[in-house]
Amino acid sequence: MTSIFSEDGKNIPCTVIEVGPCVVTQIKTVETDGYNAVQIGYGETKEKHSNKALMGHYKIAKTTPKRTLMEFRVDSTELNLGDEITVDIFEEGEFVDVTANSKGKGFQGVVKRHGFAGVGQATHGQHNRLRAPGSIGASSYPSKVFKGMRMAGHMGNKRVKSINNKVVKIMPEDNAIVVKGSVAGHNGTLVIIEK
């Protein structure tokens, strides 16, 4: 993340995202596959990390081995096999949706995970209960803990979609765009940008 100043002098928090270049590695149609989709590849990798089947797949698309392949359903497409998708498809001022896996935070208690206040003060016999969840249900009825009860557990490492992020700046020399606000994930996370 970084921040830039707008024309009226406001400091805007932004995220810089590298956008490709991505290569179209396969085009699926209703006739051949039963549905319409476009498969694109991103990032370079060595040939030794790809098996022969994948190498044949890349050879048909006339491209080098890619680190990641991803498929997107489309109604119709003007793209052809081997086409490069670069930052030129975006325009300043338009809104995009960005999807990524959030940072994993491991096993966390209710105060960090759900924002509970804890038991409160440390007096009146409190020993080590300051960050405890408190009561979680009734006694003889219903005699169970309801599903979805907010408790301690695994936090983060989930797919998060932030919608309507404004494209503030485009940097074609770096193949990057700057979007307003934050995006899920650590530095270097693979993200999906939808127009």
Side-chain angles (χ1 to χ4, degrees), residues 1-2 13-92 94-108 153-195:
M1 285 192 74
T2 183
C14 299
T15 305
V16 181
I17 305 173
E18 186 181 341
V19 188
C22 299
V23 179
V24 177
T25 53
Q26 188 178 4
I27 295 175
K28 297 188 175 183
T29 60
V30 176
E31 295 77 31
T32 57
D33 302 282
Y35 62 98
N36 291 324
V38 173
Q39 185 192 76
I40 62 172
Y42 169 75
E44 299 295 324
T45 186
K46 295 177 181 176
E47 283 190 24
K48 69 177 183 177
H49 297 308
S50 298
N51 57 27
K52 285 191 176 181
L54 271 177
M55 287 308 297
H57 189 69
Y58 297 132
K59 191 175 180 182
I60 292 169
K62 297 183 177 68
T63 184
T64 56
K66 300 296 173 195
R67 188 171 61 129
T68 305
L69 292 176
M70 197 156 277
E71 187 178 289
F72 298 95
R73 293 271 185 129
V74 291
D75 296 327
S76 60
T77 180
E78 308 86 43
L79 295 168
N80 298 313
L81 210 59
D83 283 359
E84 267 200 355
I85 302 169
T86 59
V87 75
D88 301 331
I89 63 170
F90 297 103
E91 295 173 10
E92 284 186 15
E94 73 177 340
F95 292 89
V96 294
D97 298 343
V98 183
T99 308
N101 273 3
S102 62
K103 286 182 181 179
K105 299 186 189 306
F107 191 99
Q108 296 298 330
H154 187 267
M155 182 179 176
N157 196 24
K158 288 185 178 173
R159 181 167 261 209
V160 178
K161 184 175 192 175
S162 57
I163 60 172
N164 292 336
N165 292 314
K166 187 176 183 180
V167 177
V168 180
K169 189 177 180 182
I170 295 174
M171 300 184 287
E173 65 279 356
D174 298 319
N175 252 326
I177 63 170
V178 180
V179 295
K180 186 177 178 181
S182 62
V183 170
H186 57 79
N187 292 345
T189 300
L190 283 170
V191 299
I192 300 168
I193 304 173
E194 299 171 81
K195 289 180 77 173

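- Put simply, the side chain of Val19 reaches to within 4.5 Å of the side chain of Phe90, judged on heavy atoms.
- His154 places none of its side-chain heavy atoms less than 4.5 Å from the side chain of Phe107.
- Shown here are the side chain to side chain contact (heavy atoms under 4.5 Å, CB included) partners of Gln108, two or more places apart in sequence or in another chain: Lys105, Lys112, Arg113, Met155.
- Glu94 meets the salt bridge (charged side-chain N to carboxylate O under 4.0 Å, His left out) test with Lys195; sequence neighbours excluded.
- With respect to Glu194 and Lys161, a salt bridge is recorded, a charged nitrogen being found less than 4.0 Å from a carboxylate O.
- Within 6.0 Å of the CE atom in Met70, the count of heavy atoms belonging to other residues, nucleotides or ligands does not exceed 12.
- Under the rule for a salt bridge (charged side-chain N to carboxylate O under 4.0 Å, His left out), the partners of Glu71 that lie at least two apart in sequence or sit in another chain are Lys28.
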> Step by step, would you call Val178 with Val167 a side-chain contact (heavy atoms from CB on, under 4.5 Å)?
Replying inline: CA-CA 6 Å; Val178 180; Val167 177; over 6 Å; no

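- The side chain to side chain donor-acceptor pair (under 3.5 Å) test applied to Glu44 returns Thr64, Lys66, not counting sequence neighbours.
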>> Between Val24 and Asn80, is the side-chain contact (heavy atoms from CB on, under 4.5 Å) condition met? List the steps.
In response: CA-CA 7 Å; Val24 177; Asn80 298 313; over 6 Å; no

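- Separating the CD1 atom in Ile17 from the OG1 atom in Thr189 is a distance of 10.5 Å, to the nearest 0.5 Å.
- Every residue was checked against the salt bridge (charged side-chain N to carboxylate O under 4.0 Å, His left out) condition with Lys180, not counting sequence neighbours, and none meets it.
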> Going through the distances and angles, do Asp97 and Asn165 end up as a side-chain contact (heavy atoms from CB on, under 4.5 Å)?
Replying inline: CA-CA 6 Å; Asp97 298 343; Asn165 292 314; over 6 Å; no

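- Residues passing the side chain to side chain donor-acceptor pair (under 3.5 Å) test with Ser182: none are found, sequence neighbours excluded.
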